[in-house]
2 protein chains.
Amino acid sequence: MTVSVIEFGKRRTIFAAGDKAGSLPKLISGAAILYTILPDGRRQVLDLAGAGDFLHFETGGELDHFAEALTPCEVAFYDAEELLSDADMAGFLLEQMRDRLGFERRHITLLSCKSATERLAEFIDLAADCLGAENDVMNLPLTRQQIADFTGLTLETVSRTFAQWQRDETLTKVSAGTYRRGEALLAA
Amino acid sequence: MTVSVIEFGKRRTIFAAGDKAGSLPKLISGAAILYTILPDGRRQVLDLAGAGDFLHFETGGELDHFAEALTPCEVAFYDAEELLSDADMAGFLLEQMRDRLGFERRHITLLSCKSATERLAEFIDLAADCLGAENDVMNLPLTRQQIADFTGLTLETVSRTFAQWQRDETLTKVSAGTYRRGEALLAA
DNA sequence: CGAGAGTTTGACGGCTTTCAACGCGGGTGG
DNA sequence: CCACCCGCGTTGAAAGCCGTCAAACTCTCG
């Protein structure tokens, strides 16, 4: 199996919309964010990816979204044709896509929550599952703006809600990019 | 290839969350809506499906969402193992999933629009692509409540926006479930 | 003809957005 | 070494849009 592994530093672009798809990128370690740029210039975050996740499934045409490293990370590039020709690998790929589809649907559910607090609570939940968490401590290597673009809120609203949670001890900052979830956020 | 085709009347449930997945359902004709029921009882519409679309990709476990017929429709049930063992069919399935993923992402983009008018304009666009449209005339066999559950708005807001569009001639009702899009809505 | 689901319209209040100013920290260059 | 600057985050005040509640209307189906 032909595989090449490439490392990316924090904030580095892994691939861009419009690039020609050649091989399928899978995150070995670290975390990444997937987004598009809308016609009006707004950024829309589509998904978060953690270790083990594929960053796209395009085998032929052009890519339709961007991927950026949230933390330093390693990405393995698999040859698409080889992957598909192996029945086991194809089944594995199918499973991966089904998982992605599940996350996108949770994202949809999150976005249809009416209050900012509910949306952000769902976001914390989703992020913990995408990026990994040890019990109540989780990494959240996103800027306020990125969280806003994920949840469909403004960065001010995100900031205000987090500030309130900090006072409640619902979500306390452990260090930069690391938070501890209080009981109210450990529902799922 | 083992396939059985079943017909469903309007409003009939094609499958429910919690059902055991056995075979993969593909819509031959008609239209369907996919949704989940949230813990608080709210319905969340996840996706629209038209002719040619698979309704889920679960091969093993339990289904996580419902599918309901929007119009009378025929559904073909394919045996999952057979489908996966054929390399061509597996590739086809992968393509289908990629398309679904694309639609979910457009849905995400739609939901992050801040104004009700923008969201509904995006919805019209998406629905036209999912359900098919001839030029400016499209079918929209959804209730106001279903549109609200798709767009994350309330049915009152949907109704008000449609009423305004009717006055603007932005979107005019041709007959029950059939609308004509004005120029403002034919952007894409 | 009656019943019930779906739709329309109105008034009001609240929550988020918007606009604006300020604080903080890290990196750069003098 | 220090001053400056820029990105990021925080906080405040005001306005607007949508959600909520409520009532009346339409259409379909029995």
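So you know, we letter chains A, B, ... as the sequences are listed, proteins then strands, and number each from 1.
- Axis angle, first five pairs versus last five pairs of the helix from dC1(C)-dG30(D) to dG30(C)-dC1(D): 40°, rounded to 10°.
- Side-chain proximity of E156(A) to the nucleotides dC21(D), dT16(C), dT18(C) is greatest for dT18(C).
- If you take CG of L142(A) and C1' of dG9(D), they are 15 Å apart, rounded to a whole angstrom.
- Between H107(A) and F150(A), the ring-plane angle classifies as parallel under the 30° and 60° cut-offs.
- Across all strands shown, R119(A) has no heavy atoms under 4.0 Å from either base or sugar-phosphate atoms.
- One finds no salt bridge joining D53(A) and K26(A) here, because no Lys/Arg side-chain nitrogen approaches an Asp/Glu carboxylate oxygen to under 4.0 Å.
- Distances shorter than 4.0 Å separate none of the side-chain N or O atoms of R160(A) from OP1 or OP2 on dT11(D).
- Proximity note for A116(A) (side chain, C-beta onward) versus dT16(C), dC8(D), dG9(D): the nearest is dT16(C).
- Put simply, CZ on R167(A) is 6 Å from P on dT11(D), counting in whole angstrom units.
- At a threshold of 4.0 Å, the pair E68(A)-R12(A) does not count as salt-bridged, since none of the basic side-chain nitrogens sits closer than that to a carboxylate oxygen.
- Aromatic ring orientation, H56(B) versus H65(B): perpendicular (interplanar angle above 60°, classes split at 30° and 60°).
- R42(B) has no carboxylate O lying under 4.0 Å from a charged side-chain N of D149(B), or vice versa, which leaves the two without a salt bridge.
- Proximity note for K114(B) (side chain, C-beta onward) versus dT18(C), dT20(D), dT8(C): the nearest is dT18(C).
- If you measure from atom CD of Q164(B) to atom P of dT7(C), you get 19 Å, rounded to the nearest angstrom.
- In this entry the distance linking CG of L155(A) with C1' of dG7(D) reads 12 Å, nearest Å.
- A close approach under 4.0 Å does occur between a side-chain nitrogen or oxygen of T157(A) and OP1 or OP2 of dT17(C).
- Within 4.0 Å (heavy atoms only), L153(B) reaches sugar-phosphate atoms of the nucleic acid but no base atom.
- Protein atom CD of E118(B) is 13 Å distant from nucleotide atom C1' of dC17(D), rounded to whole Å.
- For the pair F162(A) CZ and dT16(C) C1', the interatomic distance rounds to 16 Å; values are reported in whole Å.
- The main-chain N or O of L126(A) is never found under 3.5 Å from a side-chain atom of D129(A) such that the two would form a donor-acceptor pair.
- What separates CD of Q166(A) from C1' of dG9(D) is a distance of 13 Å, to the nearest Å.
- With rounding to whole Å, R144(B) atom CZ is found 13 Å from dG6(C) atom P.
- A cation-pi contact, defined as under 6.0 Å to the ring centre and within 45° of the axis, links R43(A) to Y35(A).
- Of the candidates dT7(C), dC18(D), dT10(D), the closest approach to any side-chain atom of S159(A) belongs to dT10(D).
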